[in-house]
Amino acid sequence: MKRLADIRNWSALLVGVLFAVGLSISGMTQPKKILDFLTFGAGWDPSLLFVMIGAVPVYMITYRLVRGRKTPVLDTQFYIPKKTEITKPLIVGSVIFGFGWGLGGYCPGPGLVSLGTGSVTAIVFVFSMMSGMLIYRMYERWIELRKKN
């Protein structure tokens with residue numbers, strides 16, 4: 001059992017490193033490149049569109065292959081979100097995420113990868129992201145406590 005856990009952890013590390021390298025090579029860790037992609041008009045940088053065009057077919061093929069299995073290779077079950085409804089918290093969270101991405105030029109993955117460069121903007125972004133997650137967690141607990149009382 002410990003051996004399987006070790007294989008899972010090493011696999012997760014390998015996938016994380018591969019993801020980080022992909023984000024770095026594609027320029028997703030450069031806020032200016034993201035902001036230039038999100039800004040239409042003069043100076044628009046369409047290069048990230050090619051990243052998405054390259055990623056979607058790979059995802060479509062591998063997702064079908066993986067979901068064709070009864071279980072994942074290194075686990076006993078798939079952990080796929082079951083919720084499909086569009087709720088007010090989902091919409092609000094999506095809008096906040098979009099503003100954060102548009103203002104800072106980072107989304108969570110590239111922000112974490114950029115920490116490795118020691119960039120001050122990446123540190124500020126990740127600190128802000130973690131603070132937002134913590135505040136939301138506290139808000140959720142507060143709402144649960146209010147419902148119980």
Cluster question for you: counting only ILVMFWY and a side-chain heavy-atom cut-off of under 4.5 Å, with indirect links fine, are [X] and [Y] together?
X: V66; Y: I61; value: no
X: V113; Y: V21; value: no
X: L112; Y: M133; value: yes
X: I25; Y: V17; value: yes
X: Y63; Y: V58; value: no

Atom [atom1] of [X] with >12 non-hydrogen neighbours under 6.0 angstrom:
X: M130; atom1: CE; answer: no
X: F19; atom1: CZ; answer: no
X: I86; atom1: CD1; answer: no

Do T29 side-chain atoms and S114 backbone N/O form a donor-acceptor pair below 3.5 Å?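 Answer holds: no.
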
Taking W44 for its side chain and L38 for its backbone only, find out whether a donor-acceptor pair lies under 3.5 Å.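 No, the answer is negative, given that no donor and acceptor are paired below the 3.5 Å cut-off.
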
Could you state the interatomic distance from [atom1] ([X]) to [atom2] ([Y]), rounded to the nearest 0.5 Å?
X: S128; Y: I135; atom1: OG; atom2: CD1; result: 9.5 Å
X: Q30; Y: L48; atom1: CD; atom2: CG; result: 9.0 Å
X: L103; Y: F125; atom1: CG; atom2: CZ; result: 11.0 Å
X: D75; Y: L4; atom1: CG; atom2: CG; result: 7.5 Å
X: L18; Y: L13; atom1: CG; atom2: CG; result: 11.0 Å
X: I7; Y: K2; atom1: CD1; atom2: NZ; result: 11.0 Å

Would you name the heavy atoms of [X] and [Y] that are closest together and state the gap between them?
X: M28; Y: P110; result: O-CB, 3.2 Å
X: F78; Y: K70; result: CE1-O, 3.8 Å
X: I34; Y: W101; result: CG2-NE1, 3.5 Å
X: E85; Y: L90; result: O-CD2, 4.2 Å
X: P72; Y: T76; result: CD-C, 4.3 Å
X: P108; Y: F97; result: CD-CE1, 3.3 Å

A side-chain contact here means heavy atoms from C-beta on lying under 4.5 Å apart; do Y106 and V126 qualify? no

